[in-house]
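Below is one structure, written out as structure tokens; comments come after it.
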Amino acid sequence: MLSWVAMDRIVEKQRAGDATYRQPSERKVLRSDAQPLSDDDLLAKLRSFGIELDRVSLERLCLKALSAEEIATPWLEQRNRPAEMESDWIWVCLTALWQRWFPDQPCFELLDDKMQAGYELQGPKGAVAACRIWLEAWRDVLGLLDKGGLPSIHAFDQRFRGSQSLFNWIQDLEDELWNAGLEDRQFLTARIAVCEEGLRRFPAEDELMTENRRRALAESYFELGESDTAEALYRDWLQADPRWGWGWIGWSDGYGFLRKVRDWPRAEQILREGLAVDLVRDRLDILERLADVCDEQGRKGEAAQLRKEAKRSVATPKVTRPKIGRNEPCPCGSGKKFKKCCGA
């Protein structure tokens, strides 16, 4: 279920794009309706619904809540099925006052705004501007995680329910910080901080996300010329999990495709070390990257042989699996019954 701010954003876009969307007498109240109202007007609107508030009392509520929606919900639950317009006005007034009076106190509504503002700026020339806003949003995320005692991205998204999930947005943030860092190196330093904080806070959130974040961290150190730090990171990670195929590729890329001044022999050495690991994951990708590295060194014949080997590795023998009962857990790991998932 989407949050109220996400629904507000959807309806606002519909209204902006369709002049006939709902007649004025029946239209949904939106946050934009609060913009021309004074603080006193907003407080008076709340009083008309039996809610007495001032700046001090609202601040106390904001210090405990993660969103204006969380403040509004108990009041609405106490009322006997309030009209849609009434419930909308209560949330709209609270959100507007929070934004005006306590802009430095993070909440889900203002976080959602910052996330979407960054997406609107994304583009070939908008990375720096987008990242300035998104780094503010990241500070809000950290504050909300601590304030709510939220231990994971999943727990955050269950409360947030925003226009964009934290799970997706944090990965977009890491990518956009790279783009901005190519223009202004301070954003690479910021990317390192974001990745380090993400790895510290969410060490077991999602394996692929964790692996990509590690690569982004080391990639940033390589780009900043701190190769020794990147080397140490990859050594530690691959000592703990030598079968991490894309770890070997990322480490190699730090000397090859990610560098302006490239050390192809070192890039090749790392890939061959990875291929020597028994049961290394993503072996096909390592072979293809090694072929590219050989191409760059003018060894076209060897590159062609590696690509042939990669194609042969795709043709794997058929594996006979035991029959799975339709009411048993699906072996894909989805958590659903087999009949509701792969056996549907």
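Values in this document were obtained by computation on a predicted structure and should not be read as measured data.
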Whether [Y] and [X] form a salt bridge (side-chain N of Lys/Arg under 4.0 Å from carboxylate O of Asp/Glu) is what I want to check.
{"X": "Glu288", "Y": "Lys311", "value": "no"}
{"X": "Glu197", "Y": "Arg200", "value": "yes"}
{"X": "Lys28", "Y": "Asp8", "value": "no"}

Practice item. Please assess Glu211 against Trp246 for the test side-chain contact (heavy atoms from CB on, under 4.5 Å), listing each intermediate value before the final yes or no. Key: CA-CA 8 Å; Glu211 290 178 349; Trp246 274 94; 5.6 Å; no

Can you classify the ring geometry of Tyr234 versus Trp237 as parallel (below 30°), tilted (30 to 60°) or perpendicular (above 60°)?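 If you compare the ring of Tyr234 with that of Trp237, the planes turn out perpendicular.
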
Problem set entry | Under 3.5 Å donor-acceptor, Ser67 side chain and Cys107 backbone |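 Absent.
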
Spell out, as yes or no, whether a donor-acceptor pair under 3.5 Å connects the side chain of Thr95 to the backbone of Trp91.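 At least one qualifying donor-acceptor pair exists.
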
- Message: If we check salt bridge (Lys or Arg N to Asp or Glu O under 4.0 Å) with Asp112, which of these qualifies: Arg161, Arg31, Arg9?
- Response: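 Of all the options given, the one that passes is Arg9.
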
Carefully, step by step, assess Ser163 and Val5 under the rule side-chain contact (heavy atoms from CB on, under 4.5 Å).
CA-CA 8 Å; Ser163 303; Val5 69; 5.6 Å; no

| message | Taking CG in Asp236 as the centre, count heavy atoms belonging to other residues, nucleotides or ligands within less than 6.0 Å. Is the count above 12? | response |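 For Asp236, atom CG is crowded (more than 12 foreign heavy atoms under 6.0 Å).
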
Distance check, rounded to the nearest 0.5 Å: Leu188 atom CG versus Arg185 atom CZ?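 Here the rounded value is 6.5 Å.
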
**Centroid-centroid distance, Tyr255 to Phe222, less than 6.0 Å** =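 Ring centroids of Tyr255 and Phe222 are less than 6.0 Å from each other.
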
